[in-house]
J.: 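Encoded as structure tokens, here's the structure I'll be asking about.
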Amino acid sequence: MMKNCEYQQIDPRALSVSPSSAQNHTETKAQRPRRKWEVFPGKNRFFCDGRIILARQSGVLPLTLGLIVVTCGLFFAFDCPFLVEHLTVFIPVIGGVLFVFVVISLLRTSFTDPGILPRATPDEAADIEKQIDTSGSSTYRPPPRTKEILINQQVVKLKYCFTCKMFRPPRTSHCSLCDNCVERFDHHCPWVGNCVGKRNYRFFYSFIISLSFLTSFIFGCVITHITLRSQAGKSLVQAIQESPASVVELVICFFSVWSILGLSGFHTYLVASNLTTNEDIKGSWSSKRGAEESGNPYSYNNIITNCCATLCGPMPPSLIDRRGFLPPDEAIPAASASEIELPPFAAKNDAHMCTQSTKDVLERMVHSSEFPGLCPPGTPKTSPLGLEATSVSGPSTETSPSTGCSRQLAHGPVVTPCPPFSRSSKRDSLHSINPAFRLASPSPSLSRTNLFLSESADVGFIPLT
Amino acid sequence: MRQQAAIAAKVFIQRDYTNGTICQFQTKFPSELETRIDKQQFEETVRTLNNLYAEAEKLGSQSYIEGCLACLTAYTVFLCMETHYEKVLKKIAKYIQEQNDKIYAPRGLLLTDPIERGLRVIEVTIFEDRSLTR
């Protein structure tokens, strides 16, 4: 904990000749060359020797796949024979094409690197620390780590990520579930079992659009099927008894259609205005909608250009180079060095590094007698972080944009590392921040403005328990 | 520093976000390199790199066609075809190699391809000046 004082200078010389590197050097000589995915610091799982990447918690991906396969299976087995006979053979053909498209999009979304940013090397981190420290004065705690830049003549604040040790590029957020910074972070989707970011947003979008078509198609076909059956002189109940599978499909599709169509509509709006779910929920640009039509500096102010840029733009490569081989002397000390720097926050811990460091600040202020001399004997007033800690008792509403993790401070006791969002029931409602999560409830996107804008002030990620 | 050649320092050229999220690097000449290389030369290198990255991320007809084709084939086409971006990245790698060989290595400097640093920085490694010339 002491080592994780925010303003501790990282000495690059100490890092490149750390004693562990000498040990690892001899160890790796005896081992086979390792690939970079094996030492990847984030919470991800890799398959096929690094070709496939998944979040550690696959969420409900098996459920999603299962629902789609089961519903389509029932459709092809029970409804199609009747419909082919009475209508046209194109029905299973269209159904088949849609099904294949949906499954491929889903798998691409789940297994693609969403745009994970590799963590800063120790040298880079030290360089950044140097730049930050020189700008603050030594008598009081330096200002929180943000950097303001101009993007298209608009001021945008870049936040420093304590886990990845770098200033996050614009539109990048740190996902606590995957413990990675993801570029153009949209949200972490449990249905897909992965973050949705720059590289897989188009797959995600085509997944929900094709799924909307598929569920509407199946819904329509099943209704047609039952109607046709009951028209032939039989009652509705009899028709249902003859084809019970149709009822199952009907129920599944009925609930899915509303939520998925809503989600598709919401994401179509996001694509057209070149926004991410994260930005839309935080209202990053809505406050600036005074003079101009849109304060979004990334928008091309043209719906078609926005759509093309987001969906048909060039496909950026994966930055984490999963299948590359580790250079024997360089990367391993980097991995172990980052572990050395933050020993209490090993992966076992649920809370991510970011919250830990802000929690440490609070702890130090609360137990300032126990850790003398660690931090300037500052009153909480001098530290914006401290301000938040002392003034916030319950779930916070607006927090200052000092750190992306400041909202964690809302949860009072700081020592326990549990994901804070499991505490209060009010926080549980935040699950619905993730539009994908609201598939269970009827009208997802329309209700997003009610609860969330007030609570999700400045989160760089959407945590889900 | 027990590296192969003694590293005196590392300079990091950060990203320039004034035009949005496209990959551009700052062309400001870092003071640590003043004694090692000509300012014009260095800025020329960075500017060429910026142009190459802009070409990779350009929203033109080629990228749209590629995108639409990929969408129609349910993105399976990427399994067999290299994307435009990847082709340009290869060009960039070659350019950096060439610059290192011709210009930077003789001056005791080494440019690291930004893709190896997650497109965050251009890392310039300054080696100790063993030769007392210059």
Side-chain angles (χ1 to χ4, degrees), chain A residues 12-13 16-17 21-22 100-105 107-109 112 116-121 123-124 126-128 131 149-153 156 158 164 166-167 169-172 181 183-184 198 202-203 205-206 210 297-298 300 305 308-309 311-317 319-321 324 329-330, chain B residues 1-4 7 9-23 26 30 32 53 55-79 81-90 112 114-121 123 125:
Chain A
R13 268 169 288 182
S16 43
V17 269
S21 69
V100 166
F101 207 84
V102 164
V103 171
I104 293 183
S105 303
L107 294 179
R108 279 304 291 223
T109 313
T112 305
I116 296 174
L117 270 181
R119 298 191 183 180
T121 56
D123 297 319
E124 262 180 78
D127 188 64
I128 294 177
Q131 288 174 16
I149 56 169
L150 267 182
I151 297 182
N152 289 330
Q153 279 87 50
V156 172
L158 298 186
C164 306
M166 58 177 176
F167 278 98
R171 307 193 101 174
T172 303
C181 270
E183 286 192 292
R184 204 185 182 278
K198 181 160 90 165
R202 64 192 73 191
F203 305 141
Y205 186 73
S206 68
S210 51
Y298 313 108
Y300 296 91
T305 317
C308 290
L311 302 174
C312 306
M315 182 70 179
L319 295 173
I320 54 177
D321 190 23
D329 54 350
E330 198 183 285
Chain B
M1 312 262 184
R2 295 176 216 116
Q3 309 286 344
Q4 283 149 346
I7 294 179
K10 284 194 183 182
V11 183
F12 296 95
I13 314 295
Q14 299 285 342
R15 283 270 293 268
D16 174 19
Y17 295 113
T18 49
N19 290 325
T21 50
I22 58 172
C23 184
Q26 293 176 355
E32 294 93 335
Y53 281 113
E55 186 195 321
E57 299 189 20
K58 194 172 63 146
L59 297 171
S61 52
Q62 196 196 353
S63 66
Y64 291 151
I65 292 173
E66 200 182 59
C68 289
L69 177 69
C71 180
L72 290 173
T73 60
Y75 301 105
T76 49
V77 75
F78 286 147
L79 296 169
M81 198 179 85
E82 202 180 53
T83 68
H84 172 66
Y85 207 116
E86 284 169 352
K87 291 191 189 120
V88 178
L89 282 179
K90 287 205 173 129
T112 307
I115 193 73
E116 291 174 31
R117 297 286 177 263
L119 289 183
R120 286 188 309 265
V121 287
E123 188 179 302
T125 315

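To find a chain, count down the sequence lines: A is the first, B the second, and so on, and within it residues start at 1.
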J.: I'd like to know if A/Arg171 and A/Glu183 make a salt bridge, using a cut-off of under 4.0 Å between side-chain N and carboxylate O.
T.: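 A/Glu183 and A/Arg171: not salt-bridged.
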J.: Please name all residues satisfying side-chain hydrogen bond (donor to acceptor under 3.5 Å, both in side chains) with B/Gln14, sequence neighbours left out, ordered by chain then number.
T.: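 With sequence neighbours excluded, B/Gln14 shows a side-chain hydrogen bond (donor to acceptor under 3.5 Å, both in side chains) to no residue whatsoever.
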J.: Apply the side-chain contact (heavy atoms from CB on, under 4.5 Å) test between A/Pro118 and each candidate in B/Arg120, B/Arg117, B/Glu116; give the one that qualifies.
T.: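 Answer after filtering B/Arg120, B/Arg117, B/Glu116: B/Arg120.
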J.: Test of understanding: with side-chain hydrogen bond (donor to acceptor under 3.5 Å, both in side chains), list the residues that count as partners of B/Lys87, not counting sequence neighbours.
T.: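 For B/Lys87, no residue satisfies side-chain hydrogen bond (donor to acceptor under 3.5 Å, both in side chains) once neighbours in sequence are set aside.
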J.: Can you tell me which portion of A/Leu158 sits under 4.5 Å from chain B's heavy atoms? Options are side chain, backbone, both or neither.
T.: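 Contact with chain B involves the side chain of A/Leu158 alone.
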J.: Count the heavy-atom pairs under 4.5 Å between each of B/Tyr85, B/Tyr17, B/Tyr64 and chain A, then report the option with the highest count.
T.: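 Among B/Tyr85, B/Tyr17, B/Tyr64, the one with the most close pairs to chain A is B/Tyr17.
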J.: Considering only heavy atoms, which portion of B/Thr18 lies under 4.5 Å from any heavy atom of chain A: side chain, backbone, both, or neither?
T.: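 Looking at B/Thr18, backbone and side chain both touch chain A.
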J.: Which bit of A/Arg184 comes within less than 4.5 Å of chain B, counting heavy atoms only: side chain, backbone, both or neither?
T.: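 For A/Arg184, there is no contact with chain B at all, as no heavy atom is under 4.5 Å.
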J.: Tell me whether B/Glu82 is salt-bridged to B/Lys90, with the criterion being a basic N under 4.0 Å from an acidic carboxylate O.
T.: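 A salt bridge is present here (some side-chain N lies under 4.0 Å from a carboxylate O).
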J.: Which bit of B/Ile65 is near chain A, if near means a heavy-atom gap under 4.5 Å: side chain, backbone, both or neither?
T.: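 Looking at B/Ile65, nothing touches chain A.
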J.: Quick check on the interface: out of A/Pro170, A/Pro316, A/Ser206, who has the most heavy-atom pairs with chain B under 4.5 Å?
T.: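 Heavy-atom pairs under 4.5 Å are most numerous for A/Pro170.
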J.: Does any backbone or side-chain atom of A/Tyr205 lie under 4.5 Å from a heavy atom of chain B? Answer side chain, backbone, both or neither.
T.: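 Nothing of A/Tyr205, per the 4.5 Å heavy-atom cut-off to chain B.
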J.: Yes or no on side-chain contact (heavy atoms from CB on, under 4.5 Å) for B/Leu119 and B/Arg15, after CA distance, side-chain angles and deciding distance?
T.: CA-CA 8 Å; B/Leu119 289 183; B/Arg15 283 270 293 268; 4.1 Å; yes
J.: Who wins among B/Asn19, B/Ile115, B/Thr21, B/Thr83 for the most heavy-atom pairs under 4.5 Å with chain A?
T.: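 The answer is B/Thr21.
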